[in-house]
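Below is one structure, written out as structure tokens; comments come after it.
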2 protein chains.
Amino acid sequence: MFESAEIGRSIDKETFEAEAPALREALLEAQYELQQQGRFAVLILINGIEGAGKGETVKLLNEWMDARLIQVSTFDQQTDEELARPPAWRYWRQLPPKGRIGIFFGNWYSQMLQGRVHGRIKNAVLDQAIDTTLGLERMLCDEGTLIFKFWFHLSKQQMKARLKALQDDPLHSWRISPLDWQQSKTYDKFVRVGERVLRRTSRDYAPWYVVEGADEYYRSLTVGRILLDGLQAALKAKARPVPHPHAAPLTSSLDERGLIDSLDMTQALDKDSYNEQLVVEQARLSSLMRDKRMRRHSLIAVFEGNDAAGKGGAIRRVIGALDPRQYRIVPVAAPTEEERAQPYLWRFWRHIPPRGKFTVFDRSWYGRVLVERVEGFCSTGDWLRAYGEINDFEEQLSEAGVVLVKFWLSIDQQTQLERFKAREQIPFKRFKITEEDWRNREKWPLYRDAVGDMVDRTSTEIAPWTLVEANDKRFARIKVLRTINEALEAAFSKD
Amino acid sequence: MFESAEIGRSIDKETFEAEAPALREALLEAQYELQQQGRFAVLILINGIEGAGKGETVKLLNEWMDARLIQVSTFDQQTDEELARPPAWRYWRQLPPKGRIGIFFGNWYSQMLQGRVHGRIKNAVLDQAIDTTLGLERMLCDEGTLIFKFWFHLSKQQMKARLKALQDDPLHSWRISPLDWQQSKTYDKFVRVGERVLRRTSRDYAPWYVVEGADEYYRSLTVGRILLDGLQAALKAKARPVPHPHAAPLTSSLDERGLIDSLDMTQALDKDSYNEQLVVEQARLSSLMRDKRMRRHSLIAVFEGNDAAGKGGAIRRVIGALDPRQYRIVPVAAPTEEERAQPYLWRFWRHIPPRGKFTVFDRSWYGRVLVERVEGFCSTGDWLRAYGEINDFEEQLSEAGVVLVKFWLSIDQQTQLERFKAREQIPFKRFKITEEDWRNREKWPLYRDAVGDMVDRTSTEIAPWTLVEANDKRFARIKVLRTINEALEAAFSKD
């Protein structure tokens with residue numbers, strides 16, 4: 001895999017100096033065009049052998065291009081805010097917005113390579129990390145991000161010579177940290193693991209470019225040209241076609257019945273039982289949130305449901321038991337300008353709670369496969385791929401100890417009609433009922449299909465959906481509270 | 001000051017239950033109106049005696065109102081990301097956007113009170129903290145934020161009884177932390193310091209409301225009514241009038257000469273001297289940034305100047321010496337939607353570097369008193385008060401160890417004309433010259449006045465302006481680099 005990057009490639013100074021100015025101008029042009037189009041972001045990943053010119057190349061790119069439109073991110077030690085959340089959170093918060101270039105100098109690959117080389121993880125875990133990475137990169141590409149992955153390579157001899165030269169140069173000797181020397185000893189291991197990683201993660205949508213790093217001129221021109229070609233092609237291309245969009249709805253059934261229709265909507269609780277159980281379940285939740293095992297977990301509750309199904313009331317009963325310092329409610333509305341400049345899931349990642357805390361999403365990332373699907377706010381390709389992206393996302397949450405509960409609050413059409421009419425009569429509730437709500441009612445069958453697909457495709461063992469029969473508000477609220485409590489207890493019992 | 005909050009005020013349950021529902025409805029109405037207007041944010045500060053119902057009140061407000069539109073923030077232990085920046089950074093990052101309510105449960109007052117009560121700071125430092133706070137609150141109010149400051153009070157006897165009751169109640173005993181009991185011993189001190197703080201920080205635009213906390217019904221109704229009255233008044237009010245706007249430009253001089261005109265624009269450097277000094281100054285900066293004393297500081301460089309004065313080129317020479325991992329460049333353009341929903345300085349606070357790092361602002365917070373003043377993008381009142389707000393801001397940076405250098409790159413009209421024309425000829429620079437640039441040229445005298453005022457009012461000992469004669473690019477770049485180096489050395493020598 002690295003053979004052709006060990007043959008001593010070089011370019012003479014004259015050739016470099018003849019070509020560099022035009023390359024630089026073209027890169028600048030492409031960069032401004034990128035900004036003006038504002039259609040996609042560029043992400044450059046920098047990895048490879050120590051001493052192979054990674055730092056020099058990043059520096060050069062900042063000199064050649066307009067550094068004001070480039071964000072260089074490093075991922076050394078995790079901050080305590082990062083340690084309290086799933087590992088990918090730190091990458092999400094540094095993603096470049098559309099129109100910009102982000103350079104991840106140190107990234108998910110460095111983490112997994114270091115981990116494996118230093119024996120902190122085994123191949124099985126490495127392969128899991130690779131899978132997660134592939135999912136992430138695939139998703140970024142689907143969101144339009146143009147990814148360049150550079151592996152700067154040196155043969156063992158080249159590396160030794162290079163590190164020696166740096167050490168002997170008084171201007172650069174400060175750059176050799178003990179870690180780098182240690183890596184010189186583990187060169188073989190690093191290359192072996194590197195090959196495994198590159199082989200499994202080079203994809204048509206995000207290929208690796210292996211660049212021989214010994215000669216500065218060769219290295220710089222090579223990287224510059226790869227970037228330029230890739231940028232120009234992407235700037236010229238129209239929106240990427242979805243490979244194989246499925247034209248038919250996923251589960252539209254012949255009998256006009258969906259999963260939702262099979263719920264027993266007559267379930268109800270009388271007032272006394274409700275009051276009794278409410279106190280019990282609220283006290284239970286309050287106590288679970290204060291349990292010291294909660295320090296290893298965080299809690300996320302997702303509320304989706306028909307309009308007027310009682311999401312707000314259910315949320316109020318859930319938080320009613322809690323200290324406001326323990327939770328945050330995120331009402332999901334139209335994305336802001338900064339959110340629109342990022343991949344879809346970015347606006348949810350930014351609200352992931354740290355360990356010990358609880359976030360309630362009043363509507364959620366499922367908007368993509370519900371309202372956006374039904375109303376046509378996104379393309380068919382977008383919502384079709386969302387199922388997989390969401391499952392990946394939730395798996396990451398789960399692996400980081402997040403307890404995730406998801407509720408679909410279901411009411412029937414008659415109940416909804418009654419509640420709409422009632423709301424119009426109550427002054428402080430009139431804000432809650434709009435023209436749009438009435439229009440949505442007409443799309444009832446479309447929503448039924450969307451909900452059915454959503455549950456079929458995203459109800460997983462690690463993050464199951466709970467369908468809540470919500471014609472009776474009391475029944476629904478108790479079911480919600482109890483489900484949360486059981487999920488927390490189950491998580492604690494596994495610790 | 002607290003006398004009338006120690007007289008045993010109470011309200012009977014019947015009165016409470018008769019009044020609460022209407023109050024709650026009115027609060028909800030006001031809250032939705034606040035969201036719909038999206039004109040200002042509401043900030044509620046919660047302070048006072050332990051056991052006086054602070055937590056209960058925050059909980060109640062979340063129950064009474066729509067908790068989805070309320071953000072409760074606590075400020076316990078600082079995270080390492082917060083510790084690496086000026087103290088106010090953590091408050092800025094939690095400010096509620098327009099249309100929302102933020103509750104700061106624990107805030108700048110808790111910090112200064114705890115500090116003084118436990119003897120970590122003296123009265124002089126307390127008074128400085130008070131001054132800073134007044135500046136911050138004044139600025140928030142000028143930005144439209146509606147601030148409520150609640151002090152929950154108990155007499156010493158009331159407090160003792162209350163803490164005892166809580167301790168004896170099995171449902172609440174977990175809430176009494178050792179710290180609280182300790183505070184019971186220091187009640188006198190807490191009240192004495194509290195009185196000093198309240199006396200000095202109760203202002204017409206952000207008064208304190210002292211609420212007797214012993215009786216739950218009295219406390220709840222009182223807070224609810226104060227909030228409702230304040231909210232309703234603010235929702236009805238039109239934009240606040242500026243108290244005394246100064247109609248005349250500040251320094252428009254009779255002789256048509258400004259500070260800028262007194263610069264010696266003939267200063268220049270020949271190519272050889274330039275190349276020699278560039279290497280020296282870049283190496284010096286590179287070495288200063290790696291100096292271990294840099295761990296106690298961060299560096300901010302602000303670049304302002306005439307169009308085509310060479311800001312970009314100067315910035316490139318500054319960062320040319322540095323590892324891209326050490327710095328970030330923030331190009332300041334039109335604010336995003338999220339930035340517009342916050343006070344003016346918010347969009348700069350979010351880019352304040354942590355210790356050890358360097359942020360370059362390509363244009364800056366001075367836009368308010370330059371382009372926004374000249375083009376009328378903000379009101380006269382807005383830019384007039386900006387001078388003071390900016391000085392306060394920069395003082396906070398300076399006190400946190402930030403080394404701040406500010407450059408105005410000045411060229412004369414003839415030089416600008418030549419550069420504009422030259423730019424139009426170079427393909428990859430054509431992006432840099434727009435219709436607007438040509439229009440701005442016609443406002444030269446207005447900008448001259450604005451720059452003069454800016455320097456007069458914001459060139460301070462802790463953050464002086466450096467006027468850079470930039471007709472000769474080489475001279476300008478060396479002056480910029482040297483100024484940064486001298487500022488860093490001066491800061492290090494004071495450590």
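The model shown is predicted, which means the values in this text are computed figures rather than measured ones. In what follows, chains carry the letters A, B, and so on, assigned in the order in which the sequence lines appear, proteins first and then strands, with residues in each chain numbered from 1.
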- Does the B:Lys59 side chain pair with the main chain of A:Gly320, one donor and one acceptor, at a distance under 3.5 Å?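 Yes, because the side chain of B:Lys59 sits within donor-acceptor range (under 3.5 Å) of the backbone of A:Gly320.
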- Look only at the side chain of B:Glu337 and the backbone of A:Thr336, and say whether a donor-acceptor pair between them is shorter than 3.5 Å.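 Not a single qualifying donor-acceptor pair exists.
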- Task: Given side-chain contact (heavy atoms from CB on, under 4.5 Å), test A:Gln71 with B:Arg328 step by step and report yes or no.
- Result: CA-CA 7 Å; A:Gln71 291 175 9; B:Arg328 178 150 289 192; 3.8 Å; yes
- Task: For the residue pair B:Glu81 and A:Thr79, confirm or rule out a side-chain donor-acceptor distance under 3.5 Å.
- Result: yes
Using non-hydrogen atoms and a 4.5 Å limit, figure out which bit of [X] sits close to chain A: side chain, backbone, both or neither.
X	result
B:Asp80	both
B:Ser73	both
B:Arg317	neither
B:Leu322	backbone

- Tell me, out of A:Val330, A:Ile329, A:Ile70, who's got the most heavy-atom pairs with chain B below 4.5 Å.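 The option with the most such pairs is A:Ile329.
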- Message: Between A:Arg350, A:Gln31, A:Glu82, who has the most heavy-atom pairs with chain B when the cutoff is under 4.5 Å?
- Response: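 Of the candidates given, the most pairs with chain B belong to A:Arg350.
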- A:Arg68 CZ to B:Phe303 CZ distance, which is reported to the nearest 0.5 Å: 11.0 Å
- Whether over 12 other heavy atoms sit under 6.0 Å from A:Arg295 CZ: no
- Query: Can you tell which of B:Asn62, B:Ile315, B:Val360 has the highest number of heavy-atom pairs within less than 4.5 Å of chain A?
  - Reply: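 Max contact count across the listed options: B:Asn62.
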